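Counting begins at 1 with the first residue of the sequence. It should be emphasised that the depicted structure is a prediction, and the values quoted were computed from it without experimental measurement.
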Amino acid sequence: MEELLDRPTELSYTVFRGSAAVAEGLLTNDQLRTDDWRRVRRDIYVDSRVLLDHGVDCHAAALILPGQACFSHASAAWLHGVDLAADYGDPVHVTVPPPGKPSGWSAVKVHQTLIDPGDVDVIDGLMVTSPRRTAWDLAASGSLEEALPVLDGLLARALVTPDELHGYAESRTGVRGYRKAEHAFGLADGRARDADASRLRLAILQQGLPRPIPHYTVEGPRGVLLQPELGWPDFRVALVFSRPGDGGEGYEEADWRVLRVHRYRVDREQATVVRELRAVLLARGWCP
């Protein structure tokens with residue numbers, strides 16, 4: 001194989017069509033097969049120095065999608081900076097206008113609906129649904145368990161405010177999914193910083209326990225500030241994810257009862273964790 005001393009400037013740190021690069025004389029077929037490039041899908045390559053993330057998936061899809069396709073749902077959230085919304089290799093979500101729904105796009109999830117021009121942003125050359133429209137799409141059509149961590153992320157990054165979300169839902173009253181969206185928007189909290197904590201918070205609320213405050217600041221002894229994943233200041237109860245070497249000192253001295261939870265239990269033993277939390281809250285004076 002031919003080795004490249006220098007990558008062509010036009011292809012450095014980019015996603016590109018291999019056939020186009022060869023046709024334009026930027027690479028030969030042998031050079032395309034070197035370790036300088038990674039094949040991400042048929043005829044689509046990326047500079048091997050680029051970190052493989054969902055952005056690579058989106059730019060690869062953009063090379064095969066029609067011009068009216070707009071990145072949406074989890075892909076839009078990722079492009080807006082909510083990294084937990086998608087990983088490399090996850091399906092790329094795009095929305096296209098009716099009437100025709102295209103098919104045959106590998107690893108691309110196509111949604112068919114109209115998008116108001118005011119709900120379209122451009123990020124890194126890609127058309128992307130606005131933060132409020134992205135939140136709506138996720139909340140109105142997806143599962144609450146998947147949507148809530150991303151909604152938290154959009155709020156945490158100040159890409160949209162709670163009032164903007166509720167106003168947007170109100171403006172779409174009667175549209176399919178608006179009740180789901182209103183409910184999800186009411187549960188979202190921009191103080192959350194962790195997808196596991198968001199999912200656990202949802203399970204807690206679904207079981208009728210009082211609403212926690214993500215990362216509530218607890219003042220410990222000697223002015224030390226503690227921030228549990230979830231806090232109930234009315235009952236002085238904190239839930240924290242156990243970390244290696246973390247003894248959790250400070251809560252008891254501040255007269256807070258702390259429930260320490262290993263992160264793996266959020267998915268594997270969620271119901272048990274909620275029961276344990278219920279017992280702690282009852283012991284601290286909560287009355288259902």
Side-chain angles (χ1 to χ4, degrees), residues 1-98 100-113 115 117 119-131 133-134 137-138 142 146 149-150 153-154 157 159 195:
M1 292 185 185
E2 297 180 50
E3 295 293 334
L4 289 179
L5 296 178
D6 294 297
R7 293 172 173 84
T9 302
E10 299 91 334
L11 305 180
S12 292
Y13 297 99
T14 63
V15 181
F16 60 93
R17 279 188 177 275
S19 58
V22 172
E24 293 169 14
L26 298 174
L27 296 173
T28 67
N29 284 316
D30 284 341
Q31 288 171 336
L32 195 59
R33 288 191 287 268
T34 67
D35 291 338
D36 290 312
W37 319 105
R38 288 194 183 99
R39 182 178 181 272
V40 294
R41 62 171 64 206
R42 184 178 179 181
D43 195 34
I44 307 295
Y45 294 82
V46 64
D47 187 327
S48 61
R49 296 170 295 182
V50 172
L51 176 68
L52 294 180
D53 55 24
H54 195 63
V56 171
D57 291 323
C58 292
H59 281 278
L63 292 173
I64 62 172
L65 294 172
Q68 73 269 30
C70 184
F71 291 89
S72 61
H73 297 76
S75 295
W78 192 95
L79 290 167
H80 279 295
V82 184
D83 294 343
L84 59 81
D87 292 320
Y88 176 70
D90 287 347
V92 172
H93 290 261
V94 297
T95 296
V96 298
K101 186 173 182 179
S103 60
W105 296 342
S106 175
V108 176
K109 172 66 175 176
V110 180
H111 307 269
Q112 184 184 26
T113 189
I115 299 176
D119 277 333
V120 177
D121 294 339
V122 177
I123 299 175
D124 199 15
L126 304 177
M127 288 202 305
V128 181
T129 52
S130 66
R133 177 57 193 247
T134 300
D137 287 336
L138 290 166
E146 293 179 353
V150 183
L154 290 168
R157 287 158 181 77
L159 295 166

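Asp57 contributes no side-chain N or O that, together with a main-chain N or O of Val92, makes up a donor-acceptor pair within less than 3.5 Å. A donor-acceptor pair is defined here as one N or O able to donate and one able to accept, closer than 3.5 Å; such a pair exists between the side chain of Arg38 and the backbone of Val50. Remark: the backbone N or O of Thr129 is not paired with any side-chain donor or acceptor of Ser72 at under 3.5 angstrom. The main-chain N or O of Ile115 is never found under 3.5 Å from a side-chain atom of Arg133 such that the two would form a donor-acceptor pair.
Between the side chains of Arg7 and Ser48, at least one donor-acceptor pair of N or O atoms lies under 3.5 Å.
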ask   = What do the steps show when you test Asp119 against Ser130 for side-chain hydrogen bond (donor to acceptor under 3.5 Å, both in side chains), and what is the final call?
value = CA-CA 5 Å; Asp119 277 333; Ser130 66; 3.1 Å; yes
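Contact record, Arg157 with Asp83: NH2-N, 4.4 Å, taken as the closest heavy-atom pair. Between Ala21 and Leu11, the shortest heavy-atom contact is CB-CD1, 4.0 Å. In terms of heavy-atom proximity, Ala69 sits nearest to Met127 at O-CE, 3.5 Å. In plain terms, the two heavy atoms of Leu154 and Pro131 that are nearest each other are CD1-O, 4.0 Å. Summarising the geometry of Phe71 relative to Ala61, their closest heavy-atom pair is CE2-CB, 4.4 Å, with the distance given to 0.1 Å. Scanning both residues, Asp53 and Tyr88, for their nearest heavy atoms gives O-CD1, 3.4 Å.
The shortest side-chain heavy-atom distance between Leu138 and Glu146 does not fall under the 4.5 Å cut-off. Residues Arg17 and Ile64 have side chains in contact (heavy-atom distance under 4.5 Å, counting atoms from C-beta outward). Between Asp43 and Leu63, the closest side-chain pair of non-hydrogen atoms is not below 4.5 Å. Side-chain contact check for Val150 versus Leu84: some heavy-atom pair is nearer than 4.5 Å.
Checked against Leu79 for a side-chain contact (heavy atoms from CB on, under 4.5 Å), the options Val128, Asp124, Thr134 give a single hit: Val128. Checking His54, Lys109, His80, His93 one by one against Ser75, the side chain to side chain donor-acceptor pair (under 3.5 Å) holds for a single residue, His54.
Residue Asp137 holds its CG atom at 4.0 Å from NE2 of His73, rounded to the nearest 0.5 Å. Atom CG of Leu26 and atom OG1 of Thr9 lie 9.5 Å apart (nearest 0.5 Å). Atoms CG and CG, on Leu126 and Leu65 in that order, are 9.5 Å from each other to the nearest 0.5 Å. Rounding to the nearest 0.5 Å gives a distance of 12.5 Å between NE2 of His59 and CD1 of Ile44.
Other residues, nucleotides and ligands place no more than 12 heavy atoms under 6.0 Å from the CZ atom of Arg42.
Checked against the 6.0 Å centroid threshold, Trp37 and Phe16 count as a close aromatic pair.
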